[in-house]
There are 4 protein chains.
Amino acid sequence: MKPAAERCEAPSPRALAQRERILCAAQECFVRHGFHAASMAEIAETARMSAGLIYRYFENKNAIIQAIIVRQMEEGASAIGQVHSPDELASALLEVFEHWQRGDHADKNAAQFLDVTAAAAREQEIAAVVQAANAQFGLHLREMLRRNAIREGFALDEEALTSRTVLLQSLISGLAVQSIRDPAITRSNLEGALRELISWLMRR
Amino acid sequence: MKPAAERCEAPSPRALAQRERILCAAQECFVRHGFHAASMAEIAETARMSAGLIYRYFENKNAIIQAIIVRQMEEGASAIGQVHSPDELASALLEVFEHWQRGDHADKNAAQFLDVTAAAAREQEIAAVVQAANAQFGLHLREMLRRNAIREGFALDEEALTSRTVLLQSLISGLAVQSIRDPAITRSNLEGALRELISWLMRR
Amino acid sequence: MKPAAERCEAPSPRALAQRERILCAAQECFVRHGFHAASMAEIAETARMSAGLIYRYFENKNAIIQAIIVRQMEEGASAIGQVHSPDELASALLEVFEHWQRGDHADKNAAQFLDVTAAAAREQEIAAVVQAANAQFGLHLREMLRRNAIREGFALDEEALTSRTVLLQSLISGLAVQSIRDPAITRSNLEGALRELISWLMRR
Amino acid sequence: MKPAAERCEAPSPRALAQRERILCAAQECFVRHGFHAASMAEIAETARMSAGLIYRYFENKNAIIQAIIVRQMEEGASAIGQVHSPDELASALLEVFEHWQRGDHADKNAAQFLDVTAAAAREQEIAAVVQAANAQFGLHLREMLRRNAIREGFALDEEALTSRTVLLQSLISGLAVQSIRDPAITRSNLEGALRELISWLMRR
DNA sequence: AATGAATGAGAGTTCATTCAT
DNA sequence: TATGAATGAACTCTCATTCAT
């Protein structure tokens, strides 16, 4: 019999819970070792189930990777996406940056963010998911910029919104990268300048 | 017997050429599939030699990866590192960004930049190389900022230099990431804002 | 995940049976070709299982070799070790010698005895096991000599016991060697002299 | 062109010298690692010539092994074979035993003696060489026994000669084995008993 | 005669996936 | 539903042997 994941019935709560357990375990392993180096055996052990059982809930390892990517996208959106003001953005970013630097958090993990992005550069299917999530996050930032301008009593044309969003998003992604490449970065040499930069990106 | 690469004799021109051929092939394969997914067999085929021969020039696959990483660091430095003014920096960045977006260049490749960074998050030895290269590049940017200030007739304290360098470097890394995550970015919606941002980072 | 052999749980009967199957197959192959020349593929085929499966029960080929060595030591002890009188010793020796000569017995095999000994000359870990087993067997012979003396109404000083044990043990080992080097040896030209020699070693 | 070794011309002195160099190097490597584990590359390096050149003097690795075996047989004969009295035999044996124990001598090496013997158990061609050499050495011992009897004024029938020779030869082989298996053996706990045993084997 | 670069078969090992239970 | 033993393909790496020079 095909695994539940493939039949068209609605998945039972049990099945959803199992999928969740698998995904959490996979996340942990992928964060530790990357997609390729993490083995199904390790994921199974982490999820405290047999290797065979995983295949009842996911077609194969790649399906888990894809699910993890979707999950990470949603996570990313909720982590920095739920902010509504420049100050909140800066604070959220500083907090996430600390997670990135420590590298101990399964959901806010810079290395995995890079793994996912690199995978998107190589596989079209993944690219689609990643680009969509990125676009959605971009839209969110863009709206924040727009609303902030209105709140401050001025307007930004679409072109300006676009380019500022691009830069803002690049900066955020870049902080993920630099959290790994430059362990010397401290909150203190980041905070002030970051707030200034964000303010500047929100200027008239 | 140890491969020539490990004996203390100076490597022959032939050996250097072979190493180069292997590294180019490896680069190509790593760009296509990532470090783990690229097989020695594929590298050998790409380099048009037998798999066994590679081991005369590199101790093992990991040694190739390390060499590629060092190479990519040097490449990165020479690509954006040789600039001396904000304008040159912006231009160089825009040019590199186009390579990143196209993804067709083995040396200026965003996916591989992310692979290397992710690897640095997981392996200490690689972290050392990457952090050193990143630090050197950061120093270069910092000096550029300092000299620009002097040229413009003002001075920046060390603290300001540090935080601006951090932001500038994050922005650059972030553009690599976004070249993959956001294929909608065009030169036109990047150029103006980028120059402005760089100028702003160089302000009094 | 580590193979069952390494986890601390008690091995299941199934696992023990599989290990046994592997060891028997390995024994066969090692006897035929020696430790190095026997391939994992051949062992797997002999055990009628896939090569990969072996690694669920043994960490690597070396672990199999070590297990075989331990096994052979135990076998050696039980083959000639369980004797309590000079006559029993001679008889046991003559019987084992026939196995050695025929070379068809996996457990009482002269070539493998030599392989193991040669391996002990080159690898410290193996040396430890072999020396321990040899010492234990020596002790057994020594006690036999001592008890026989007492039975016969005399005593042997420690020095005499030591040197006679050394010679007796050398003789036994040497018969293993000569079973290969001299196929002309027959039971008839060995039996009488051997009993005489053993008696002589047990003299007052 | 076939290597000199295969053509029917008499080998030039140069060729003989080269063969000798190769054999010495091979001996060294075989003693260190055994036949299988010693690589042609290592042999070439030890002989300070290129790997390719070896094939001008030997058809393949197996031919070297065979030559080494022949060589070792001759060596063995000359080491213990040149003795003419029980006392000389004991002395020679004690001296050789010390080499065996130290394991540092390329020609009088117990591990290699066992390697060769084990190889004889597996390959007919090698068996022939080894058995011949062993038989010749046996004959020498036998003659020594016979002459000693005559010298002492008695005669030994053929049967007695045979069985005593077998035992003597086994003892010698066994000392090679025990030099590895029992590092506790000292000259002092061997010497007296060994001389006694040899005398006993030479008795009326 | 000599080199050592090159080959290619085959080694040990790992691991995603399947399947009998 | 769940297990984990079993498979087999693919991996990295080694090495005896060949060959252009």
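We name chains A, B, ... by the order of the sequence lines, and we start the count at 1 in each one.
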Item to check | Residue C:K61, side-chain atoms from C-beta onward, closest of E:dA2, E:dG12, E:dT17 | outcome: E:dG12

Next on the checklist: Take a 6.0 Å sphere around CD of A:E20 and say whether it holds more than 12 heavy atoms from other residues, nucleotides or ligands.
Outcome noted: yes

Next on the checklist: Strictly below 4.0 Å: does B:S50 bring a side-chain N or O up to OP1 or OP2 of E:dT7?
Outcome noted: yes

Next on the checklist: Please report the distance, rounded to the nearest Å, between NE2 in C:H33 and C1' in E:dG10.
Outcome noted: 15 Å

Checklist entry - Would you call the rings of B:F30 and B:F35 parallel, tilted or perpendicular if under 30° counts as parallel and over 60° as perpendicular? => result perpendicular

Checklist entry - Between atom CD in A:E59 and atom C1' in E:dA16, what is the gap in whole Å? => result 13 Å

Next on the checklist: I need the CZ-P distance between C:R56 and F:dG4, as an integer number of Å.
Outcome noted: 9 Å

Checklist outcome for this item: Between B:A37 and C:Q18, whichever has its closest DNA chain F nucleotide further toward 5' is C:Q18

Next on the checklist: Assess whether a salt bridge exists between A:R32 and A:D104, defined as any Lys/Arg side-chain N lying under 4.0 Å from an Asp/Glu carboxylate O.
Outcome noted: no

Checklist entry - Are B:D107 and B:Q72 close enough that a side-chain donor and a side-chain acceptor fall under 3.5 Å? => result no

Checklist entry - Contact class for B:A38 (heavy atom, under 4.0 Å): base, sugar-phosphate, or nothing? => result sugar-phosphate

Checklist entry - Taking atom P of E:dT14 as reference, at what distance in whole Å does atom OH of C:Y57 sit? => result 16 Å

Item to check | D:A51 vs C:R48, nearer the 5' end of DNA chain F by closest nucleotide | outcome: C:R48

Checklist outcome for this item: Taken to the nearest whole Å, CD1/B:I43 to C1'/F:dA10 is 15 Å

Checklist entry - If you find the nucleotide of DNA chain E closest to C:F35 and the one closest to C:L53, which residue's nucleotide is nearer the 5' end? => result C:F35

Checklist entry - For B:I22 and E:dT7, what is the distance between atoms CD1 and P respectively, to the nearest whole Å? => result 11 Å

Checklist outcome for this item: In Watson-Crick or G-U wobble terms, with both distances under 3.5 Å, the base opposite E:dA5 is F:dT18

Next on the checklist: Of the listed nucleotides (E:dA16, E:dT13, E:dA5), which one gets closest to any side-chain atom of A:M40?
Outcome noted: E:dA16

Checklist entry - Hey, which of these two, A:N60 or C:H36, hits DNA chain E nearer its 5' end, going by closest nucleotide? => result C:H36

Item to check | Length of the CD-C1' vector between D:E45 and E:dA2, whole Å | outcome: 17 Å

Checklist entry - Taking CE from D:M49 and P from E:dT3, how many angstroms apart are they, rounded to a whole number? => result 7 Å

Next on the checklist: Between A:Y55 and E:dC19, is there a contact of a side-chain N or O with OP1 or OP2 at under 4.0 Å?
Outcome noted: no

Checklist entry - Considering all heavy atoms of both residues, which atom of D:T46 and which atom of D:C29 are nearest to each other, and what is their separation? => result OG1-SG, 3.4 Å

